[in-house]
Amino acid sequence: MSSKSTGTKAHAELYKDEAREYVRKRLWLDVDGLVDLAAPIDGALKRRADIVAKNIAKEFEAILLASPPNGTDVDGSLFSWIRGGAAIGLDKELYGHFEAFMGFIAERVLRSTHVSRPDLPRPKRIVEAFDKHDVKVEGAEQSYRLDIFIECVPIGPDGKLAETSKSSKPRYEKMFTVVEAKKTNSELDVRNACTQLLIYMREAYIMQWNIRHIWGLTLCGNAVRVCSFGNDHLLVSRDMKLSEKEGRAKFIQLLVYWSFCEEHRLGYDPTMSWLPELKCWQIEVPSLQESDGGKQTPTADSKLFFTRSTIAAAEHLFGRHTRSFLATDTKPVCTEDTAAENCSFVIKDSWVESTLGAGDDMRDETRHLRKIRDKLVDNREADGCYPTIVAGGRVQFSRSNDGKKGIENTTASILGSIFYAAAAPMDNLGSGSTKEDPRLVPFRAYKRIATTPVGKPLRHLNCPLKLIKVMADVMRVHSRIRWDAGILHRDISSNNVLFYEIDGGKDVRGLLIDFDHAVDVSVPKITRHLDRSGTLPFMSINNLAGNIQWVTGLDDWESALYLMCWIGTYGFNKHQAPDPAALDELKIRTWCEGSLGKIAWSKRVFLETENFFHDLTDQFLQGLPMVEHLKDLVHALRTNLISNPDVGVEFHGALEKFEIQGVREVTIDPFESRIGKERELMTLLLQVLEGYSERTMTLRSGANWKNEYPAWPEDKDAQPAGKLPVLMEYSGTDDDNATPSFVLGESSAIEQYLATKLNFYFQPDNLEVVARQNELRSHIRDLFETVSLIKHAPNSETKQAFETTFKNIAAYIIKSHSKALKDNGSNGHYFGSSITYIDVALFANIYVFRSKFFDLNPELVDLFSAKNAPEINKVYEAVLANASLASYAA
């Protein structure tokens with residue numbers, strides 16, 4: 001094979017190195033039974049295929065005995081090569097001989113349709129070599145030259161080839177398999193051939209949306225091997241020597257099986273259909289079924305979706321092979337129909353390590369999303385921040401031509417008896433262990449879900465302020481899912497944090513996706529010793545160590561911190577990337593280089609102290625707009641996660657400590673120590689993040705404001721109604737700012753106007769909820785007005801009377817507002833889980849009550865202490881933690 005990369009040379013070399021490593025670790029040579037995996041499932045088809053294969057082999061042997069093969073359609077050089085008489089100097093000298101042999105078999109398969117018995121099963125296709133060798137494949141990222149390109153050409157009802165299906169130029173979309181040729185049958189050449197095949201298969205997985213697993217062929221000397229490439233396996237058959245009768249018969253049987261077998265035996269997904277007249281794919285997604293005690297019930301029913309575009313391709317050689325499609329549930333009526341472009345659903349395909357039984361699958365994404373939907377159904381604040389499932393489950397297909405579904409699409413159904421001979425031992429979560437032998441194959445189930453809404457990758461953002469808003473949404477819903485649904489996500493990364501635009505593009509909303517690695521923490525002892533999951537730069541230290549400690553929500557918060565640091569350093573996309581010359585100097589690169597232990601150590605060091613962490617954040621992109629706000633935020637999160645003053649010094653730090661206890665030296669891991677503080681720390685971290693998010697709301701709006709204090713009473717007549725405060729808004733350039741464009745007096749009117757304009761109301765479109773917030777605000781206003789009366793009381797008797805009034809109003813507020821706060825979950829907020837208008841109003845008034853300005857009786861101030869009004873004090877502390885109010889409260 002020769003290759004010329006249309007992408008970067010570095011990528012081509014990286015792919016080669018990766019393929020070599022996979023062959024070194026995963027290649028399983030001389031596997032028996034691979035040809036049988038191509039056999040038709042339907043009994044009648046298989047019997048007919050065996051007869052046709054036997055007849056073709058018999059005919060070929062008869063011709064081979066004739067010397068020379070006069071009167072036949074076979075070139076004599078083919079027989080010379082098969083007999084071993086033709087010397088092979090170069091790989092390419094094998095191409096023509098092999099194509100001729102395949103052509104002989106294909107022609108005989110086609111002839112088998114012209115029989116006097118129309119009731120006999122007929123082949124569905126021929127397997128044919130492209131008529132040119134050593135060819136480039138069009139439309140691929142890397143333009144490799146393939147030795148022999150193999151495609152399947154359908155046979156029509158009339159027994160003739162569907163000529164329109166034959167390729168004029170080789171494209172990966174049309175490729176069935178590839179033959180990689182080497183001139184000798186040495187083990188080295190076999191391994192090199194498999195390495196090349198792996199490189200091609202990456203492109204095939206990307207370009208063929210409906211491929212489940214891929215076949216390959218090696219031709220080493222005159223020995224053929226069939227290869228099976230899947231999510232975890234790289235299986236290679238014993239050689240089929242074309243110089244021997246038995247080898248020739250076996251290879252003929254393979255090609256005939258491929259000609260007769262069902263589509264799924266070729267590696268394709270029968271639940272995805274290309275509709276050529278509409279130029280779109282039709283995808284069947286399993287319908288949701290009622291669960292039995294939380295267990296998923298497999299279903300043969302499905303819901304149809306239609307797509308013309310992918311969000312993510314299966315671009316990795318091994319693993320889940322996750323694909324995502326933008327889809328609609330409305331079938332297009334023509335090729336110009338835009339229904340498929342107006343997509344409101346995401347279809348996700350994924351091969352996930354699972355338990356054999358669907359009902360016992362504790363890490364099933366469909367199961368998790370159903371539980372999340374049910375538990376958060378009344379939480380409007382969380383709406384749109386997690387995937388709402390509309391269909392999903394394990395994909396099933398028909399076993400034979402009867403059209404009835406019932407066979408689950410799994411590695412076991414693909415590999416049959418081979419799977420059970422090579423299966424990896426499985427834990428209770430369905431994770432297969434390949435530590436003893438990396439060639440072992442874990443059990444995977446093919447799952448498909450349809451969800452809404454549709455999000456965009458973070459690379460489409462360009463502003464750290466919007467990222468902060470997105471992260472606040474994502475980690476808020478992460479906490480709600482953790483505590484309300486008992487689901488721990490476990491894979492916060494750049495791929496799983498998305499966003500979408502709202503308010504006509506003026507604002508953004510965060511979306512947390514991909515619950516493939518999530519676990520239900522309500523299941524006892526399920527969060528210890530889980531398998532590693534995630535992307536190296538974002539993996540928590542515990543995750544990198546193999547989850548030797550209990551897995552908690554703090555692992556995900558750690559990942560969120562790493563994600564924001566990563567974007568701060570590298571930007572959102574390649575257009576914001578740092579200078580290539582400076583890449584080697586970036587300290588954060590140690591988060592993805594070297595062993596897992598080395599990466600974990602690097603993260604511990606940077607988190608250990610504020611100064612070490614500054615070494616990392618000082619390399620944030622200076623050209624990134626408002627990146628200083630992101631830098632401030634990650635430092636605040638590091639402080640609250642690693643050295644929070646509220647949890648005690650024994651929980652501080654990132655590096656392991658060593659203590660002498662008795663006669664033993666004991667290792668103390670701060671991350672393990674903080675496990676018992678999970679909820680407390682998660683609450684504090686969310687308050688910090690939400691505080692910064694709310695601060696950025698004003699910054700992102702571009703509002704420019706300042707306080708001015710007019711001379712009083714000289715300027716009294718210049719104010720509306722002759723009193724303060726007054727809001728003045730200006731528009732236009734600075735030269736035009738002499739006259740305000742809008743003037744508003746009265747405190748309550750100003751508050752409600754700003755709360756509406758700056759989106760400080762909870763559910764601003766719900767009039768009843770807005771009215772309730774205004775009602776609670778009026779209670780606080782009554783109290784404030786009483787304080788003013790106390791301050792300006794003409795005598796002690798009147799002052800005492802007003803203080804009694806204050807006590808009565810305070811008692812009512814503490815009782816009624818505490819109930820409202822408890823009804824909202826005692827989370828320090830009146831509504832939802834973030835700061836709203838009423839939270840700020842309460843904070844501002846209590847702050848003033850405690851100030852020296854009013855010099856209130858300490859007895860009155862103490863009414864709102866943490867001891868006497870704990871729920872109200874939670875609100876005060878939550879708002880006080882908001883970084884945007886730090887200067888105000890100083």
Side-chain angles (χ1 to χ4, degrees), residues 17-38 187 190-191 193-195 197-198 201-202 205 211-216 218 225-238 267 314 316-322 350-358 360-364 394 407-447 490 516-517 519 526 528-534 536 543-548 595-596:
D17 290 343
E18 184 183 49
R20 290 190 192 101
E21 185 66 8
Y22 280 132
V23 167
R24 186 182 71 83
K25 288 184 176 181
R26 301 193 184 214
L27 182 65
W28 204 310
L29 286 171
D30 298 333
V31 177
D32 292 319
L34 278 183
V35 171
D36 294 333
L37 297 184
E187 183 174 334
V190 172
R191 288 181 174 274
C194 290
T195 299
L197 286 178
L198 270 183
M201 297 319 165
R202 175 194 294 276
Y205 273 121
I211 199 74
R212 298 156 62 237
H213 64 96
I214 301 181
W215 293 96
T218 64
R225 290 174 176 82
V226 60
C227 311
S228 175
F229 304 99
N231 304 87
D232 304 278
H233 66 265
L234 201 175
L235 307 178
V236 181
S237 72
R238 297 183 184 278
H316 298 288
L317 289 174
F318 294 101
R320 291 185 293 166
H321 286 165
T322 302
S350 186
W351 286 84
V352 185
E353 290 189 42
S354 310
T355 53
L356 293 174
D360 299 320
D361 195 347
M362 300 303 300
R363 213 170 59 185
D364 180 68
R394 293 192 179 192
I407 300 300
E408 286 190 354
N409 215 343
T410 66
T411 47
S413 65
I414 291 172
L415 296 177
S417 60
I418 294 177
F419 169 77
Y420 294 100
M426 191 182 303
D427 64 20
N428 64 323
L429 285 179
S431 296
S433 173
T434 58
K435 291 181 180 179
E436 294 183 4
D437 188 343
R439 300 179 303 169
L440 296 178
V441 181
F443 179 84
R444 292 182 185 267
Y446 188 30
K447 299 177 183 180
R490 295 186 63 235
D516 268 348
H517 290 296
V519 292
I526 204 171
R528 190 175 177 90
H529 301 306
L530 294 172
D531 62 311
R532 291 187 182 95
S533 62
L536 281 179
N543 195 359
L544 288 165
N547 297 307
I548 57 176
S595 66
L596 299 182

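Remember, predicted model here, so these are calculated numbers, not experimental data.
In this structure, CG on Leu198 lies 11.5 Å from CZ on Arg20, to the nearest 0.5 angstrom. Note: Arg490 CZ to His517 NE2 = 7.5 Å, rounded to the nearest 0.5 Å. The distance from atom NE2 of His233 to atom CG of Leu415, rounded to the nearest 0.5 Å, is 4.5 Å. Residue Phe318 holds its CZ atom at 4.5 Å from CG of Leu234, rounded to the nearest 0.5 Å. With rounding to the nearest 0.5 angstrom, the CG atom of Leu235 is 6.0 Å from the CD1 atom of Ile418.
For the 3.5 Å distance criterion, the side chains of Asn231 and Arg320 fail to qualify, holding no donor opposite an acceptor.
Residues Thr410 and Tyr446 are not in side-chain contact: their nearest non-hydrogen atoms beyond the backbone lie 4.5 Å or more apart.
Between the side chain of Arg225 and the main chain of Val236, no donor-acceptor pair closer than 3.5 Å is present. One N or O on the side chain of Thr411 and one on the backbone of Arg444 form a donor-acceptor pair closer than 3.5 Å. The closest donor-acceptor contact from the side chain of Ser228 to the backbone of Trp215 lies at 3.5 Å or more, if one exists at all.
Of all heavy-atom pairs between Gly416 and Leu37, the closest is N-CD2, 4.4 Å. Nearest heavy-atom pair across Arg26 and Asp232 is NH1-O, 3.3 Å.
A tilted orientation is assigned to the rings of His321 and Tyr205, their planes being inclined by 30° to 60°.
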Practice task
Decide side chain to side chain contact (heavy atoms under 4.5 Å, CB included) for Asn409 and Trp351; before the verdict, give the C-alpha distance in whole Å, the side-chain angles of both, and the deciding distance to 0.1 Å.
Solution key: CA-CA 9 Å; Asn409 215 343; Trp351 286 84; 3.6 Å; yes
